[in-house]
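The sequence lines fix the lettering, A, B, ..., with proteins before strands; numbering per chain opens at 1.
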There are 2 protein chains.
Amino acid sequence: MAVPLYQAKAEFFRMLGHPVRIRVLELLGEGPQPVRSLLADIGIEPSSLSQQLAVLRRAGIVTSSREGTNVTYELAGPDVADLMRAARRILTEMLTGQAELLDELREPHTSGAPTGRA
Amino acid sequence: MAVPLYQAKAEFFRMLGHPVRIRVLELLGEGPQPVRSLLADIGIEPSSLSQQLAVLRRAGIVTSSREGTNVTYELAGPDVADLMRAARRILTEMLTGQAELLDELREPHTSGAPTGRA
DNA sequence: TTATCAATTGAATACTTTTGCAATTGTTGA
DNA sequence: TCAACAATTGCAAAAGTATTCAATTGATAA
């Protein structure tokens, strides 16, 4: 019955692996947001957004609350923002690494002289 | 042509979202490992492991090098370990939160008195 | 060269996730 | 109560991923 930890981790990352879900988490990083405004920022079908919000809710990293006819979402905990920061750091480094590699491929015979577009 | 950042992030997380890939990254966190030993630790078909290693290689978070007839993998950078740590922290907290919620659901009328299996 | 072993690739099948439409729920104001 | 609006759910079609087996590559040693 116990889920192995590596499987829980995989599910957690998979849950993050969707552009709309990333955007939602980043918007919620700035504070609680009504669905209406997520919808305006992201610009997809309401039902698609709801589906993705449901994924985040089921995973427990966001919570929602109804105020009259609107629903507001917020991050369930502060660690989510940490994770996004860690991911950004890695991505930045990886993309930088790739850019350097590309430069090397473009100029295979340079050896230290800056090209002006480092 | 430029990939939006939120999409790059989503792809990155999706790339992490597989139990075998998580296990590989954790094993590589302890240092470089030959395929042979990953295979022994994880216990799946060689071709399945190769497929997952290929995903990690394409993403650029591991590198491989051949020594004679064996291939050794290692993490491409130290930040990957950071990310895994951040993820572990969140997961731990989330699982703890769920356990507490479960306790509350089990004993809906308690209000502070410990049950003995907190 | 050929046999052998480690690792990888290709390709078909099975599986899971995403998407978009229609139908539904919940809430407010007329 | 009924109309109107926000958000959600159900579901079928489409898109994307994983798994497996057979075929292939690369390296070594007989």
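Contact check for A/I61 versus A/L16: side-chain heavy atoms found under the 4.5 Å cut-off. At a threshold of 4.5 Å between non-hydrogen side-chain atoms, the residues A/R21 and A/V55 count as touching.
The two residues B/L27 and B/Q33 come nearest to each other via the heavy atoms O-NE2, 3.4 Å. Scanning all heavy atoms of the two residues, the minimum distance from A/I44 to A/L49 falls at CD1-N, 3.6 Å. Nearest heavy-atom pair, A/L75 versus A/L25, reported as atom, atom and distance to 0.1 Å: CD2-CD2, 3.8 Å. Closest approach of B/A10 and A/H18 over heavy atoms only: CB-C, 3.5 Å. Taking every heavy atom of both residues into account, A/G60 and A/A76 meet most closely at O-CB, 3.3 Å.
Within residues 24-50 of chain B, the residues approaching DNA chain D are B/E45, B/S47, B/S48, by heavy-atom distance under 4.0 Å.
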Practice prompt. Begin from the C-alpha positions of A/L38 and A/L53 and carry the test side-chain contact (heavy atoms from CB on, under 4.5 Å) through to its verdict.
Written response: CA-CA 10 Å; A/L38 296 173; A/L53 289 173; 4.2 Å; yes

Worksheet entry | Candidate pair A/I42 and A/V24, rule side-chain contact (heavy atoms from CB on, under 4.5 Å), full reasoning | CA-CA 8 Å; A/I42 301 180; A/V24 167; 3.6 Å; yes

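Taking every nucleotide of DNA chain D with any atom under 4.0 Å from a non-hydrogen atom of chain A, the first and last of them, 5' to 3', are D/dA6 to D/dC11.
Judged as a salt bridge (Lys or Arg N to Asp or Glu O under 4.0 Å), and not counting sequence neighbours, the contacts of A/E26 are A/R88, B/K9.
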Tabulate atom names and distances for all N/O pairs under 3.5 angstrom spanning the protein and nucleotides 14-17 of chain C.
from	atom 1	to	atom 2	distance (Å)
C/dT17	OP1	A/R14	NH1	3.1

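B/Q51 places its CD atom 14 Å from the P atom of C/dA12, with the value rounded to the nearest Å.
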Discussion item. Generate the contact string for nucleotides 24-30 of chain C. Rules: B means base contact, S means sugar-phosphate contact only, - means no protein heavy atom under 4.0 Å.
Written reply: --BSS--

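Using modelled atom types, no side-chain atom of B/R23 and backbone atom of A/Y6 make a donor-acceptor pair closer than 3.5 Å.
Under the side chain to side chain donor-acceptor pair (under 3.5 Å) criterion, the residue pairs touching residues 62-75 of chain B are B/R57-B/Y73, with sequence neighbours excluded.
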